[in-house]
There are 2 protein chains.
Amino acid sequence: QGISGKMFRTLGKNNINIRAIAQGASEKNISAVIATKDVKKALNSLHERFFKDINKRLNLFITGVGNVGEKLIEQIHQQQEYLIHTLRINIRVVGLSNSRKMIFDEEGISLSSWKDTLNNGKEASLKEFFETVKTLNLRNSIFVDITANEEVAKVYGNYLKNNIAVVACNKIACSADYKNYSLLKRLSLQYNTPFLFETNVGAGLPIIDTLNNLIASGDEIVTIQAVLSGSLNFIFNNFTTDTDFYEVVKQAQQEGYTEPDPGIDLSGVDVARKILILARESGMQLDLEDIENQSFLTPKNLEAATVEDFYESLRADAAHFNQLLATANKNNCQLKYVAELSNGKAKVGLREIPKGHPFYNLKGKDNIVMFYTKRYPEQPMIIKGAGAGADVTASGLFADIIKVANK
Amino acid sequence: QGISGKMFRTLGKNNINIRAIAQGASEKNISAVIATKDVKKALNSLHERFFKDINKRLNLFITGVGNVGEKLIEQIHQQQEYLIHTLRINIRVVGLSNSRKMIFDEEGISLSSWKDTLNNGKEASLKEFFETVKTLNLRNSIFVDITANEEVAKVYGNYLKNNIAVVACNKIACSADYKNYSLLKRLSLQYNTPFLFETNVGAGLPIIDTLNNLIASGDEIVTIQAVLSGSLNFIFNNFTTDTDFYEVVKQAQQEGYTEPDPGIDLSGVDVARKILILARESGMQLDLEDIENQSFLTPKNLEAATVEDFYESLRADAAHFNQLLATANKNNCQLKYVAELSNGKAKVGLREIPKGHPFYNLKGKDNIVMFYTKRYPEQPMIIKGAGAGADVTASGLFADIIKVANK
């Protein structure tokens with residue numbers, strides 16, 4: 001049963017063109033005519049398909065090898081054997097790129113010496129990277145975007161159209177204009193090619209997947225309330241009457257909790273992007289402009305032209321921030337930067353959280369999401385845990401990659 | 001590219017035997033010789049594969065249609081159109097069984113009148129049910145076990161060996177002897193056929209999937225702490241100095257929070273089964289006997305032969321339970337029934353939970369799991385929410401079914 005199906009599908013998936021086929025009634029013998037250049041590839045593929053164990057090979061093309069990318073490669077390196085034995089998944093990193101260099105190796109880049117190899121690679125080019133992935137035409141190819149780069153986000157469509165899955169922690173594609181987001185979702189469906197971005201919200205926490213499962217099974221989102229910014233958490237957890245807001249922000253930046261320009265975090269745009277993605281995944285057609293952003297910054301802060309000016313304005317407006325804190329303290333509340341989605345509307349802003357509320361004791365870089373749904377009406381489903389950090393973000397990417405293997 | 005692959009794979013998957021094949025060099029024409037009885041099926045399959053839209057059809061065979069089963073059918077009925085449009089998944093319920101009757105319809109059982117149809121079905125038989133599923137030989141077949149029946153759990157292996165996926169909320173297979181559990185995991189791998197049981201722990205909460213993702217990406221479980229029993233929560237939340245333990249248990253039973261025999265819940269064996277499953281999914285070879293069960297019941301309770309005797313013994317031992325509560329109150333603690341996994345050892349038992357602990361304010365039928373791992377070392381990843389109830393359990397089963405579609 002299905003011997004010819006297996007054989008021709010294997011050849012087809014490997015892009016081997018069949019000129020002629022013959023099979024007699026005995027079923028002991030199937031012949032196919034192919035080009036000489038394809039012979040080796042065909043033999044290897046068929047051998048693997050019929051005679052070797054049935055590991056599913058994943059071919060990864062990773063762009064962006066900063067903190068998170070490095071961790072991901074480390075995790076893949078460490079887990080390769082385990083995955084083969086427990087899940088029959090054989091992961092190979094076939095392409096690697098940063099903003100300067102790129103390398104490819106169809107047999108798999110050595111994960112113990114990739115840094116040197118990459119340093120000696122050829123000049124990076126987004127276009128050439130894509131062309132190479134396409135030309136290699138390997139089974140189960142996955143493009144992994146670990147940048148925060150807008151240009152990289154723009155090419156996802158090309159990959160999806162060529163049956164190359166996309167796994168991204170870059171959240172630009174899903175939080176830029178709705179049309180593009182929905183185009184990518186449509187392409188993913190049309191080409192039956194996964195487009196996964198769990199790490200866009202809450203790093204390794206299973207937030208988007210959980211939301212998708214609720215929606216697919218017919219649950220309805222009533223309200224989402226969430227704290228989604230590790231950097232803003234750090235800042236407001238450390239801002240006490242003994243400290244100066246300006247100093248706390250500086251410290252957060254120095255310890256790597258904020259972007260190099262902390263204004264990006266403090267403006268709330270990053271949190272707005274995250275709640276936007278959750279809103280879209282809940283089925284709502286929203287754009288970033290539709291998210292109400294109630295800034296806690298002063299006009300002076302918002303107008304600062306440079307990072308230095310921004311810090312200067314925070315210092316100058318110390319009284320404003322002290323007042324925010326004093327009022328919260330007077331009300332026995334903690335200041336938390338909260339994102340909310342309710343009745344199809346989303347907003348982000350600083351809130352006073354009273355004692356007893358699940359957000360009140362939120363520490364460090366923890367994120368928390370509360371889903372109030374038709375099926376979880378009074379007591380929400382809650383997911384909580386570290387929502388930032390290279391290790392947990394890489395492990396979220398890893399989970400998405402394994403999901404692709406299972407598609 | 002791949003036309004012959006598509007064609008022969010489609011025929012193969014549909015169990016259509018090919019006697020002879022011919023394809024000329026033009027690739028405009030592929031011929032195959034098949035048996036007359038297979039012609040219609042072959043034409044339909046090929047037509048669907050090549051010309052119609054690419055919905056993936058799932059064929060469900062559901063056994064057990066109590067509260068949860070009814071809800072699941074309701075959810076499938078309600079979501080059928082949505083799934084076709086958004087996920088290209090076309091779900092049909094082809095087989096249905098309860099303990100008395102069973103029915104089949106290859107074209108899909110009408111989900112608005114299934115109860116009547118089932119009442120008029122033929123006599124239920126586990127063996128015949130399996131034989132029918134096997135003989136129908138439909139693509140993407142899924143056996144869904146919504147019973148708590150040991151006999152049903154015993155047949156999973158037969159399904160898996162025939163490439164029929166198994167989705168179960170019945171937790172017997174995963175919490176009975178380790179050998180059988182690991183055999184089923186192995187069969188699932190060997191036949192590349194999903195065996196999913198997310199609802200075994202925490203109903204619709206994404207606990208097992210999250211744990212699987214952590215482990216696969218190389219994280220390591222340090223400690224799991226969890227409250228996993230809606231019934232024991234209900235009982236200890238309602239047991240106050242104004243109430244009698246006996247009365248509270250009676251009320252819990254009457255409101256459907258416990259098994260008909262509440263001794264099963266109070267003995268902790270159900271919670272022990274759940275932590276056992278989490279331990280096994282973390283990679284540990286444990287059996288139920290290895291779970292330390294520190295019972296809060298008295299010897300008299302444990303020895304009760306009937307449900308009436310059990311209630312009588314609870315009444316007689318009122319002082320014992322009052323003492324447990326008084327001590328907790330004196331220590332400013334709440335009583336919670338807690339499962340713990342640490343250093344490869346698991347235990348379950350009643351604990352005094354101090355103020356400020358995430359378990360302290362746990363209400364109603366909420367479950368909570370805290371994962372302390374290598375990557376979530378100080379502040380755990382927490383998943384919390386309703387851990388019982390027909391609606392959320394059905395939605396967890398639904399999520400597993402969709403996962404099969406994506407395999």
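Reminder, nothing fancy here: chain letters follow the sequence lines and each chain counts from 1. Only this structure's heavy atoms are used, side chains among them; waters, hydrogens and symmetry mates stay out.
Using a 4.5 Å cut-off between heavy atoms, B:H85 touches chain A through its backbone atoms (N, CA, C, O) alone. In this structure, chain A has heavy atoms under 4.5 Å from both the backbone and the side chain of B:S395. Proximity to chain A (any heavy atom under 4.5 Å) is restricted, for B:T86, to the backbone atoms N, CA, C and O. For a residue to count as touching a neighbouring chain, one of its non-hydrogen atoms must lie under 4.5 Å from one of that chain's; by this rule B:N361 does not touch chain A.
Rounding to the nearest 0.5 angstrom, the gap separating the OG atom in B:S4 from the CE atom in A:M7 is 8.5 Å. The CG atom of B:N192 sits 7.0 Å away from the NZ atom of A:K56 when rounded to the nearest 0.5 Å. Annotation: the span from B:M381 atom CE to A:I383 atom CD1 amounts to 8.5 Å, rounded to 0.5 Å.
The contact list for residues 215-226 of chain B toward chain A, using heavy atoms and a distance under 4.5 Å, reads B:I215, B:A216, B:S217, B:G218 by residue number.
Counting only heavy atoms from C-beta outward, the side chains of B:K363 and A:Q379 approach each other to under 4.5 Å. Inter-residue side-chain proximity for B:Y376 and A:L205 is flagged as met; some heavy-atom pair is nearer than 4.5 Å. The closest side-chain heavy-atom distance from B:Q75 to A:R375 is below 4.5 Å. By the 4.5 Å heavy-atom criterion applied to side chains, A:T210 and B:D209 are not counted as neighbours.
Across A:Q190 and B:R88, no two heavy atoms sit closer than the pair CA-NH1, 3.8 Å.
Enclosure of atom CG in B:N237 by more than 12 non-hydrogen atoms of other residues, nucleotides or ligands within 6.0 angstrom is indicated.
Heavy-atom pairs under 4.5 Å with chain A peak, among B:I382, B:I401, B:I368, B:N213, at B:I382. Per-residue heavy-atom pair counts under 4.5 Å with chain A were compared for B:I76, B:V392, B:I21, B:D391, and the maximum is reached by B:I21. Interface summary for chain B: among A:P206, A:P358, A:G385, the most heavy-atom pairs under 4.5 angstrom belong to A:P206.
Annotation: side chain to side chain contact (heavy atoms under 4.5 Å, CB included) contacts of A:E281 (sequence neighbours excluded): A:Y181, A:K185, A:F197, A:I208, A:L211, A:N212, A:I277.
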Worked check of side-chain contact (heavy atoms from CB on, under 4.5 Å) between B:F8 and A:I30: CA-CA 12 Å; B:F8 294 114; A:I30 307 179; over 6 Å; no
